[in-house]
Visitor: 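Below you'll find the structure I mean.
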Amino acid sequence: MKASLIPFSLFLLVGLCGSAFAQDGKTYTYHTDGSIAHGSKQSEQEVEDIGVIDETGGSTSLRDKFRVNFDLRSAYTSNALLRGNHGSSDVIFLPTLDAGFHTAIDKHFNFDLDTKVESAIYSKFQDHGFIGYSAQATLDYHISTGLPRFYATIEPYRYDSFDTGQLQTEAIGYTGGTDWGIAFNGGRTLGFLGYSFTDYQSDPGMDTRQVNRVVAGFAHQINSKLTAQLYYVYQYSNFTDFDRSDSQNTVSGNLVYQFNDHWYGSWTTSFINNESSQVHASYQLISTSLGLSVHF
């Protein structure tokens with residue numbers, strides 16, 4: 001990994017703990033080559049979601065194409081029940097195991113497969129705990145360095161309740177999108193912008209929805225070990241099986257510290273405001289988390 005310029009992986013988590021903090025019931029992440037934790041070096045958070053810009057043409061050895069990541073995060077939220085404004089604080093433990101494969105098909109096309117097992121363990125609202133399973137297959141097209149990337153993704157996921165063992169939700173999402181990252185300030189600062197559209201077909205059907213998402217922000221390498229990130233996400237969700245639409249705004253910032261080639265620490269703080277046409281689904285929350293992750 002290069003320590004001087006942003007061409008080592010910056011990961012940025014959009015959303016804090018999957019279904020606990022994101023309407024889509026999964027974690028969203030945004031990657032960009034020139035980012036700190038490229039798909040091969042990423043934990044989870046937030047990303048509610050986007051893909052991987054690969055400007056390097058992919059890995060050259062078979063071993064480098066595979067990755068395994070384990071992330072352990074402890075998070076405080078002001079609104080664990082996602083009802084109203086900041087009325088149900090809790091501390092949540094968020095272990096995540098992620099394994100994936102990334103390869104270049106040619107100089108323009110890349111393929112990435114990511115599989116994940118994640119869970120949320122609530123300190124107070126224990127009946128809200130869950131375990132989730134997901135897979136994400138992404139094919140992307142990148143014209144050349146400095147230009148936007150275009151991608152298509154298929155993602156099935158399932159979440160089960162820790163308390164009852166019953167299915168909470170499962171769905172398959174079909175995503176098309178584009179993203180673009182540009183480095184400046186001698187390569188130490190990276191600006192990024194992305195848009196995606198996802199059609200989720202879910203069980204139960206009440207979670208079937210179409211989601212438009214825009215993300216924008218920047219990351220700055222403070223020194224060879226520490227990177228700061230600030231980003232904004234707007235998400236509009238239209239539920240197709242009944243009359244509901246949600247408009248969600250997220251502002252988040254984090255610090256990522258690289259202890260060595262394998263170990264990373266992070267601190268993330270987020271504010272989420274979700275306005276829904278169904279009054280009971282509107283909420284606000286503030287969350288902050290500390291995380292430790294290991295990447296191979």
Visitor: Any side-chain donor-acceptor pair under 3.5 Å between N238 and S245?
Guide: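 Short answer, no.
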Visitor: Could you tell me the separation between the CZ atom of R244 and the CZ atom of R209, rounded to the nearest 0.5 Å?
Guide: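 Atom-to-atom, R244:CZ and R209:CZ are 9.0 Å apart.
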Visitor: Just one of D179, N110, T178 clears the side-chain hydrogen bond (donor to acceptor under 3.5 Å, both in side chains) bar with R149, so which one?
Guide: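 For R149, the side-chain hydrogen bond (donor to acceptor under 3.5 Å, both in side chains) check succeeds only for D179.
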Visitor: Is the distance between the ring centroids of Y257 and F259 less than 6.0 Å?
Guide: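 Between F259 and Y257, which both carry aromatic rings, the centre distance is below 6.0 Å.
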Visitor: Mind checking whether H108 and Y141 have parallel, tilted or perpendicular rings, split at 30° and 60°?
Guide: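 Judged by the thresholds at 30° and 60°, the geometry between H108 and Y141 is tilted.
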Visitor: What are the two closest non-hydrogen atoms of D246 and S277, and how far apart are they?
Guide: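 Of all heavy-atom pairs spanning D246 and S277, the closest is OD1-N, 4.4 Å.
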Visitor: Quick one: closest heavy-atom pair of F93 and S123, and the distance?
Guide: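 Minimum heavy-atom separation between F93 and S123: CE1-OG, 3.7 Å.
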Visitor: Which label fits Y264 and H295: parallel for a plane angle under 30°, tilted from 30 to 60°, or perpendicular past 60°?
Guide: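 Because their plane-to-plane angle is over 60°, the rings of Y264 and H295 count as perpendicular.
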Visitor: Can you tell me if S287 and T77 form a side-chain donor-acceptor pair at under 3.5 Å?
Guide: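 Side-chain D/A pair, S287 to T77: absent.
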Visitor: Verify the cluster assignment for I286 and I272: are they in a single hydrophobic cluster under the rule of side-chain heavy atoms below 4.5 Å apart?
Guide: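 They do not share one cluster, since no chain of ILVMFWY contacts under 4.5 Å joins I286 to I272.
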Visitor: To the closest 0.5 Å, what do you measure between OG1 (T240) and CG (D207)?
Guide: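 T240 atom OG1 to D207 atom CG measures 10.0 Å (nearest 0.5 Å).
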Visitor: Find out whether Y234 and N212 are in side-chain contact, i.e. whether some heavy atom of one side chain is under 4.5 Å from a heavy atom of the other.
Guide: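 No, every pair of side-chain atoms sits at 4.5 Å or beyond.
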Visitor: Please find the pair of heavy atoms, one from R188 and one from I222, that lie closest to each other, and give the distance.
Guide: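 R188 and I222 have their closest heavy atoms at NH2-O, 3.2 Å.
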Visitor: Keeping the roles fixed (side chain from H142, backbone from L147), state whether a donor-acceptor pair exists under 3.5 Å.
Guide: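 Flag set: sc H142 to bb L147 pair under 3.5 Å.
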Visitor: If only side-chain N and O atoms count, and only distance matters, is there a donor-acceptor pair under 3.5 Å linking T269 with T288?
Guide: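 Side chains of T288 and T269: pair found under 3.5 Å.
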Visitor: Which value, rounded to the nearest 0.5 Å, describes the distance between I92 atom CD1 and Y76 atom OH?
Guide: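 It comes to 10.5 Å.
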Visitor: For the pair R67 and D112, find out whether any cationic side-chain nitrogen is under 4.0 Å from an anionic carboxylate oxygen.
Guide: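 Salt bridge present between R67 and D112.
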Visitor: Are the side chains of V233 and R213 in touch, meaning some heavy atoms are under 4.5 Å apart?
Guide: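 Result yes, sub-4.5 Å side-chain heavy-atom pair found.
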Visitor: Could you measure the distance from the CZ atom of R63 to the NZ atom of K65? Nearest 0.5 Å is fine.
Guide: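 R63 CZ to K65 NZ: 13.0 Å, rounded to 0.5 Å.
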Visitor: Cut-off 3.5 Å, side chains only: do T96 and R73 have a donor facing an acceptor?
Guide: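 On atom types as modelled, these side chains do not qualify, holding no pair under 3.5 Å.
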Visitor: So N249 and E275, do their side chains get closer than 4.5 Å, heavy atoms only?
Guide: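 Heavy-atom side-chain distance check fails, nothing below 4.5 Å.
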Visitor: Please find the pair of heavy atoms, one from D90 and one from K124, that lie closest to each other, and give the distance.
Guide: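 Nearest pair, atom of D90 first, then K124: OD1-N, 2.9 Å.
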Visitor: For the CG atom on D243, are there more than 12 heavy atoms of other groups (residues, nucleotides or ligands in this structure) within a distance under 6.0 Å?
Guide: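 Count not over threshold, so no.
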Visitor: Can you see which heavy atom on L190 is nearest to which on F192, and at what distance?
Guide: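 Heavy atoms of L190 and F192 come nearest at O-CD2, 4.1 Å.
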Visitor: Begin with the C-alpha distance, continue with both residues' side-chain angles, and end with the deciding distance and a verdict on side chain to side chain contact (heavy atoms under 4.5 Å, CB included) for L113 and F111.
Guide: CA-CA 7 Å; L113 176 65; F111 174 77; 4.0 Å; yes
Visitor: Distance from S74 atom OG to I121 atom CD1, nearest 0.5 Å?
Guide: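 Here the interatomic distance stands at 10.5 Å.
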Visitor: Would you say T268 and S252 make side-chain contact, with heavy atoms under 4.5 Å?
Guide: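 Touching, per the 4.5 Å side-chain cut-off.
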Visitor: I'd like to know if the side chain of T153 reaches the main chain of T138, judged simply by a donor and an acceptor atom lying under 3.5 Å from each other, with no hydrogens or angles considered.
Guide: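 Between the backbone of T138 and the side chain of T153 there is no qualifying donor-acceptor contact (under 3.5 Å).
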Visitor: Regarding R158 and the six-membered ring of Y133, is the cationic atom NZ or CZ under 6.0 Å from the ring centre and inside 45° of its axis?
Guide: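 Judged by the rule, R158 and Y133 form no cation-pi pair.
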Visitor: Under a 3.5 Å cutoff, is there a donor and acceptor pairing between the side chains of D199 and Q201?
Guide: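 Note: D199 and Q201 side chains meet the donor-acceptor criterion.
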Visitor: Taking the six-membered ring for Trp and the single ring otherwise, decide whether the centroids of F162 and F130 are under 6.0 Å apart.
Guide: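 So the answer is no for these two rings.
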Visitor: With hydrophobic residues grouped by side-chain heavy-atom distances under 4.5 Å, do F109 and I154 end up in a single group?
Guide: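 Shared cluster, no.
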Visitor: Is there a continuous path of hydrophobic side-chain contacts, each under 4.5 Å between heavy atoms, that joins F271 to L82?
Guide: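 Shared cluster, no.
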Visitor: Side chains of Y200 and S237, heavy atoms from C-beta outward: is any pair under 4.5 Å?
Guide: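 No. Closest side-chain heavy atoms not under 4.5 Å.
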Visitor: Can you see which heavy atom on D127 is nearest to which on S161, and at what distance?
Guide: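 In terms of heavy atoms, the two residues are closest at O-OG, 4.2 Å.
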Visitor: Same hydrophobic cluster for I172 and M206, using side-chain heavy-atom links shorter than 4.5 Å among ILVMFWY?
Guide: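 No, no single cluster joins them.
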Visitor: How long is the gap from CG on D114 to OG on S134, to the nearest 0.5 Å?
Guide: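 D114 CG to S134 OG: 7.0 Å, rounded to 0.5 Å.
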Visitor: How are the rings of F242 and F239 set relative to one another: parallel (under 30°), tilted (30 to 60°) or perpendicular (over 60°)?
Guide: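 Correct class here is tilted.
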Visitor: Do other residues, nucleotides or ligands put more than 12 heavy atoms under 6.0 Å from the CG atom of L97?
Guide: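 Result for CG/L97: enclosed.
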Visitor: Check for me, please, whether F184 and W180 land in the same ILVMFWY cluster - side-chain distances under 4.5 Å, paths through other members count.
Guide: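 Per the 4.5 Å side-chain linkage, F184 and W180 are not co-clustered.
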Visitor: Taking the side chain as everything from C-beta on, heavy atoms only, tell me whether Q248 gets closer than 4.5 Å to Y283.
Guide: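 Of all side-chain heavy-atom pairs linking Y283 with Q248, at least one is under 4.5 Å.
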Visitor: Are T175 and E155 close enough that some pair of their side-chain heavy atoms sits under 4.5 Å apart?
Guide: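 Side chain of T175 against side chain of E155, heavy atoms only: no contact under 4.5 Å found.
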